[in-house]
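Values in this document were obtained by computation on a predicted structure and should not be read as measured data.
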Amino acid sequence: MIDTHCHLDASRFDQDRSEVLTRAWAAGLHGILVPGVGPENWEPLREMSRGEPRLQIGLGIHPQMLPHLPPEEDEVHLERLDALLGLGGAIAVGECGLDGPSAAGAPMERQVAVLRRHLELARKHGLPVLMHCFRAHPALIELLKHEPLPEAGILMHSYGGGVDLARFYIQKGCHFSFAGPVTWAEARKPLDALRVIPPERLMVETDAPDQAPTPHRGQRSEPGYLPRIIEGMARVLGEPVEVLAQRTTENARRFFREAFPTPSL
């Protein structure tokens, strides 16, 4: 199993990060992708992943970080991101995207401009994009109608939209990853969307430390909870858990170009 989105560098893991990883490997995970969210954590992430092939990273600017960054420095940060991606070590661009609630501090026009540059960098460096979109799908759809998509693809992280939105993203060639909310009792839209997504474009994540699955909801999430999410998805799809676990693992390996090591038998 591969957790395609886990903020392992979050401060909520500072006290027991090594124990969290021990539990993750014991739970059967073969890899964890840690997305970058802003300029300050890019170098620490690069250091975190050195020497542990099961830990891979993405580098990007999360839209929720933009209100905390001066707009006049956007291009400076993006040029530095370009340089770091050129050094290798990152297997994806992101986390990046659009965030409706952040528009008060970072207008959507700015968010779109920054995301457009992320897409340019993904095309330049041949990397896939880890896409965040929360309450901003109309703006993202408008962008993707006109912006060339990276050849390496886009992964819709923690997808929570409905079927109609999913069909647009499917048509654009996007892949989808689901997190803890698919196990929540009131989940409806993401479950309906899950049923229409092509099997070969489906992946799984924890988005830890957030969005913990049932029965851990309300607590800190961690990558070792990934099997719970796969179990929830398997119930919706009417598939054996083992089959879905294998498929999502194979999909992640293929999407990220075999960056994660194959476990020894």
Side-chain angles (χ1 to χ4, degrees), residues 1-13 16-17 19-35 37 55 58 62-64 92 94-95 97 99-101 130-135 137 155-163 165-166 169 174-197 201-249 251-252 255:
M1 294 175 288
I2 293 174
D3 185 348
T4 63
H5 202 104
C6 170
H7 296 281
L8 189 64
D9 59 329
S11 60
R12 291 168 69 186
F13 291 120
D16 62 345
R17 190 170 287 108
E19 290 86 352
V20 167
L21 282 173
T22 297
R23 289 192 291 269
W25 309 141
L29 272 69
H30 305 137
I32 299 171
L33 176 53
V34 187
V37 297
L55 288 182
H62 196 296
Q64 292 176 2
E95 182 177 356
D99 190 81
L130 306 176
M131 183 69 76
H132 169 103
C133 188
F134 183 60
R135 298 181 184 173
H137 287 284
L155 178 57
M156 301 298 295
H157 132 71
S158 187
Y159 185 73
V163 172
L165 291 172
Y169 296 124
C174 296
H175 292 64
F176 300 78
S177 183
F178 289 81
V182 297
T183 69
W184 297 352
E186 73 275 18
R188 293 293 181 272
K189 288 198 302 182
L191 305 190
D192 292 338
L194 176 59
R195 296 183 179 98
V196 305
I197 291 169
R201 297 203 208 164
L202 187 60
M203 285 173 254
V204 63
E205 64 174 90
T206 60
D207 197 25
D210 300 317
Q211 303 196 90
T214 302
H216 306 287
R217 186 177 182 180
Q219 305 169 23
R220 183 191 72 174
S221 188
E222 59 177 74
Y225 296 164
L226 196 71
R228 294 284 190 177
I229 299 169
I230 294 177
E231 289 168 6
M233 294 167 63
R235 281 195 298 271
V236 174
L237 296 173
E239 294 187 9
V241 172
E242 297 78 7
V243 171
L244 185 60
Q246 180 176 355
R247 182 190 305 127
T248 54
T249 301
N251 289 347
F255 185 77

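The two atoms that bring Pro227 and Leu29 nearest to each other are CD-CD1, 4.4 Å, heavy atoms only. Considering every non-hydrogen atom in both Met203 and Ala252, the closest pair reads SD-CA, 3.6 Å. Minimum heavy-atom separation, Ala166 to Tyr159: N-OH, 3.0 Å. Smallest separation of non-hydrogen atoms from Arg195 and Leu237: CA-CD2, 4.1 Å. Summarising the geometry of Tyr225 relative to Thr206, their closest heavy-atom pair is C-CG2, 4.4 Å, with the distance given to 0.1 Å. Contact detail for Pro213 and Trp184: the closest heavy-atom pair is CA-NE1, 4.2 Å.
Counting only distance, with no hydrogens or angles, the side chain of Arg23 and the backbone of Pro223 share no donor-acceptor pair below 3.5 Å. Using modelled atom types, no side-chain atom of Glu222 and backbone atom of Ala24 make a donor-acceptor pair closer than 3.5 Å. When atom types are taken as modelled, the side chain of Ser158 and the backbone of Ala179 share no donor-acceptor pair closer than 3.5 angstrom. Of the possible polar contacts, none joining the Arg228 side chain to the Pro215 backbone as a donor-acceptor pair under 3.5 Å is found. Here the side chain of Thr183 pairs no donor or acceptor atom with the backbone of Gly232 at under 3.5 angstrom. At least one donor-acceptor pair closer than 3.5 Å links the side chain of His30 to the backbone N or O of Met1.
With rounding to the nearest 0.5 angstrom, the CE atom of Met233 is 8.0 Å from the CD1 atom of Ile197. Expressed to the nearest 0.5 Å, how far CD of Gln64 lies from CG of Asp99 amounts to 4.0 Å. Here NE2 of His132 is found 4.5 Å from NE2 of His62. Values are rounded to the nearest 0.5 Å.
For the pair Asn251 and His175, the minimum side-chain heavy-atom distance is 4.5 Å or more. Residues Asp9 and His7 form a side-chain contact, since some pair of their non-hydrogen atoms from C-beta on lies under 4.5 Å apart. Counting heavy atoms from C-beta outward, Val182 and Ile229 have side chains that approach closer than 4.5 Å. At a threshold of 4.5 Å between non-hydrogen side-chain atoms, the residues His137 and Tyr169 count as touching. In this structure the side chain of Gln211 reaches within 4.5 angstrom of the side chain of Pro181, judged on heavy atoms. The shortest side-chain heavy-atom distance between Leu155 and Thr4 falls under the 4.5 Å cut-off. By the 4.5 Å heavy-atom criterion applied to side chains, Leu8 and Asp3 are not counted as neighbours.
For Arg135, the CZ atom sits in a loose shell: 12 or fewer heavy atoms of surrounding residues, nucleotides or ligands are nearer than 6.0 Å.
Applying the side chain to side chain contact (heavy atoms under 4.5 Å, CB included) test between Phe178 and each of Val204, Thr248, Leu194 identifies Leu194 as the sole match.
Residues satisfying the side-chain contact (heavy atoms from CB on, under 4.5 Å) criterion with Arg12, sequence neighbours excluded, are Pro209, Asp210, Arg220.
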Tell me, with the steps shown, if Ile32 and Leu21 meet side-chain contact (heavy atoms from CB on, under 4.5 Å). CA-CA 9 Å; Ile32 299 171; Leu21 282 173; 3.7 Å; yes

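Looking at His5 and Glu95, their side chains do bring a donor and an acceptor atom within 3.5 Å of each other.
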